[in-house]
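Okay, structure first, notes after.
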Number of protein chains: 2
Amino acid sequence: MTLSEPEQAFVLHWGEMGTRWGVNRSVAQIHALLYLADKPLTAEEITETLSIARSNVSNSLKELLSWRLIETTSVLGDRRDHFTAITDGMEMATRIVEGRRQREFLPTLSTLATLVEDARGDEATSKQSADRIAETLNLMRQADDWYREMRTLPPRVQSTLLMMGAKIAKLIPGTGKS
Amino acid sequence: MTLSEPEQAFVLHWGEMGTRWGVNRSVAQIHALLYLADKPLTAEEITETLSIARSNVSNSLKELLSWRLIETTSVLGDRRDHFTAITDGMEMATRIVEGRRQREFLPTLSTLATLVEDARGDEATSKQSADRIAETLNLMRQADDWYREMRTLPPRVQSTLLMMGAKIAKLIPGTGKS
DNA sequence: CGTTAATTTCTGTTTTTACTGAAATAACTG
DNA sequence: CAGTTATTTCAGTAAAAACAGAAATTAACG
């Protein structure tokens with residue numbers, strides 16, 4: 001597979017984006033490529049198109065699979081794995097968020113939880129410090145609770161909420177300006 | 001300033017968190033320290049407490065100032081700068097999000113915008129590719145629009161929305177289950 | 001069951017990013 | 001304005017992450 005000028009620019013930019021948001025450049029590039037591709041690609045094709053080492057492609061694909069951003073599809077009469085990216089943008093975003101939640105957010109939540117205990121039970125720690133650590137935990141928990149609730153809503157409702165934006169606030173009693 | 005065991009653990013963990021979310025470790029550590037501190041600290045004190053080079057502290061503080069996560073306070077009879085972190089968690093979160101938006105998100109938005117133009121006007125690029133790049137842009141724009149609307153709401157309303165979570169969906173006509 | 005193709009693991013290299021410490025500059029003080 | 005003290009810049013070093021290529025493993029096929 002050969003990329004046109006703009007396609008190439010997109011892939012490169014996506015890779016750059018990745019690095020700034022804590023995603024490996026190769027991983028992001030491969031994801032972008034599969035997102036644009038009009039047919040399932042083999043690891044070999046990816047290697048050639050992006051000029052990155054075969055081993056690197058292999059590992060990056062595994063990573064993308066674990067994020068559930070790509071899937072393998074079998075092609076009849078070909079024993080090699082073929083890869084496709086999920087194409088629904090909303091779903092993509094959801095899975096990225098969910099991935100980061102599992103890998104970074106939840107572990108931090110539990111670390112902070114024990115840390116709050118430690119701080120409260122340690123007389124060398126000021127009440128203020130303990131409280132601030134606790135507040136951090138609370139805020140993150142609140143955000144997580146909110147996320148978990150939103151996740152239960154059907155996608156249609158999610159996009160409605162997104163589209164309506166701040167107008168929603170007007171529906172809630174007691175939050176008006178007056 | 002000396003840190004208790006749990007305080008130290010918090011600072012270290014916060015630094016680790018930072019690296020995973022694209023924030024420099026020293027920057028995050030210093031932020032955590034100032035967040036816990038019960039009084040404004042000088043650069044010198046930070047250097048001693050965290051054992052990181054003076055120059056590093058200086059640059060990190062400048063970084064934190066540019067994110068508006070810390071402020072300088074003058075102490076009478078002392079010509080050195082003293083630093084304090086903002087303590088309201090919600091406000092902290094807001095400023096971090098706003099910072100990343102300005103630095104990463106908006107630039108990407110404009111890059112993608114020109115990229116969509118390029119792709120549409122380039123006959124070597126398939127319609128599908130161009131559409132997918134465009135969809136990516138649209139989704140990111142939608143998210144940004146939503147964010148901008150939310151930002152206009154008074155903090156009280158913001159937390160209400162956060163607390164009510166999915167219950168909000170029930171208020172919106174046409175998004176019910178049936 | 002041996003051969004070939006495909007994939008993965010592993011070790012060493014390269015690249016990038018973070019950090020230090022010295023030197024330069026700037027800001028204040030008597 | 002000479003002497004200090006505080007801050008910043010900068011060049012070099014160290015640490016971390018990403019990556020390549022060879023070697024090893026696994027899976028398919030006749």
Side-chain angles (χ1 to χ4, degrees), chain A residues 11-34 40-67 70-84 100 103-104, chain B residues 11-34 40-67 70-84 100 103-104:
Chain A
V11 168
L12 289 177
H13 182 73
W14 209 247
E16 218 44 53
M17 279 266 296
T19 61
R20 300 193 175 280
W21 293 92
V23 177
N24 178 286
R25 178 184 283 110
S26 309
V27 172
Q29 282 186 359
I30 292 173
H31 181 225
L33 172 60
L34 290 173
L41 301 180
T42 65
E44 199 57 41
E45 288 174 297
I46 296 170
T47 297
E48 286 158 12
T49 309
L50 300 181
S51 317
I52 57 186
R54 184 53 236 278
S55 56
N56 192 5
V57 170
S58 177
N59 291 327
S60 300
L61 286 171
K62 216 193 313 179
E63 176 89 3
L64 286 168
L65 284 170
S66 80
W67 284 74
I70 64 171
E71 288 159 0
T72 58
T73 45
S74 327
V75 169
L76 207 70
D78 192 340
R79 62 197 252 208
R80 292 170 303 175
D81 271 337
H82 291 244
F83 299 88
T84 54
R100 289 205 73 97
R103 285 151 223 246
E104 328 282 1
Chain B
V11 168
L12 289 175
H13 182 74
W14 209 245
E16 219 44 55
M17 278 267 295
T19 64
R20 302 195 174 278
W21 293 92
V23 176
N24 179 287
R25 177 184 284 110
S26 309
V27 172
Q29 283 186 358
I30 292 174
H31 181 224
L33 172 60
L34 289 174
L41 300 181
T42 65
E44 199 56 42
E45 287 174 298
I46 296 171
T47 298
E48 285 158 13
T49 309
L50 301 180
S51 316
I52 58 186
R54 182 56 234 276
S55 56
N56 193 5
V57 171
S58 177
N59 290 326
S60 300
L61 286 171
K62 217 193 314 180
E63 176 89 2
L64 286 168
L65 283 170
S66 81
W67 285 74
I70 64 171
E71 288 160 1
T72 57
T73 44
S74 327
V75 168
L76 208 68
D78 192 340
R79 59 195 255 212
R80 292 170 302 176
D81 271 337
H82 291 243
F83 300 89
T84 53
R100 289 204 75 97
R103 284 151 224 247
E104 328 283 0

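Per chain, numbering begins at 1; letters A, B, ... match sequence-line order.
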From the candidates D/dT4, D/dT7, D/dA20, the one with an atom nearest any side-chain atom of B/Arg79 is D/dT4

In the 5' to 3' direction, the nucleotides of DNA chain C bounding the stretch that comes under 4.0 Å of a heavy atom in chain B are C/dA18 to C/dC28

Which pairs of donor and acceptor atoms, one on a side chain in residues 77-84 of chain A, lie under 3.5 Å apart (sequence neighbours left out)?
unit_1: A/Asp78; atom_1: OD1; unit_2: A/Arg80; atom_2: N; d: 3.0
unit_1: A/Asp78; atom_1: OD1; unit_2: A/Arg80; atom_2: NE; d: 3.1
unit_1: A/Asp78; atom_1: OD2; unit_2: A/Arg80; atom_2: NH2; d: 3.0
unit_1: A/Asp78; atom_1: OD2; unit_2: A/His82; atom_2: NE2; d: 3.1

Q. Contact class for A/Thr19 (heavy atom, under 4.0 Å): base, sugar-phosphate, or nothing?
A. nothing

Result for 5'-nearest mapping on DNA chain C, choosing between B/Arg25 and A/His82, is A/His82

Rounded to whole Å, CD of A/Glu16 lies from P of D/dA18 at a distance of 13 Å

- request: Could you tell me whether the side chain of B/Val11 reaches within less than 4.5 Å of the side chain of B/Thr49, counting heavy atoms only?
  value: no

### Message
If you count every heavy atom of other residues, nucleotides or ligands that lies below 6.0 Å from B/Arg20 atom CZ, does the total exceed 12?
### Response
no

### Query
Between the side chain of A/Thr47 and the main-chain N/O of A/Ala43, is any donor-acceptor distance below 3.5 Å?
yes

Does the A/Glu45 side chain pair with the main chain of A/Thr42, one donor and one acceptor, at a distance under 3.5 Å?
yes

Partner of A/Arg25 under side chain to side chain contact (heavy atoms under 4.5 Å, CB included), picked from A/Thr19, A/Ile52, A/Ile30, is A/Thr19

Margin query: If you define the side chain from C-beta out and look only at heavy atoms, does anything of A/Leu41 sit under 4.5 Å from A/Ile70?
Written below: no

Exercise. So what does A/Ser51 hit on the nucleic acid, given a heavy-atom distance under 4.0 Å: a base, only sugar-phosphate, or nothing?
Worked result: sugar-phosphate

note: B/Asp78, atom CG; D/dT4, atom C1'; distance rounded to Å ~ 14 Å

B/Asn24 atom CG is separated from D/dA17 atom C1', nearest whole Å, by 15 Å

Worksheet item: Side-chain contact, heavy-atom cut-off 4.5 Å: A/Leu61 with A/Thr72?
Response: no

Next on the checklist: Checking B/Leu50 against B/Val57 for the side-chain contact (heavy atoms from CB on, under 4.5 Å) test, could you report, in this order, the C-alpha distance in whole Å, the side-chain angles of both residues, the deciding distance, and whether it holds?
Outcome noted: CA-CA 9 Å; B/Leu50 301 180; B/Val57 171; over 6 Å; no

Whole-Å distance, A/Leu50 CG to D/dA18 P, equals 17 Å

(message) Taking any heavy-atom pair under 4.0 Å as a contact, classify A/Thr42: base, sugar-phosphate, or nothing.
(response) nothing

Review point. With sugar-phosphate meaning primed atoms plus P, OP1 and OP2, does B/Arg80 contact a base, only sugar-phosphate, or nothing at under 4.0 Å between heavy atoms?
Key: sugar-phosphate

Residues of residues 55-67 of chain A with a heavy atom under 4.0 Å from any atom of DNA chain D, listed by number, are A/Ser55, A/Asn56

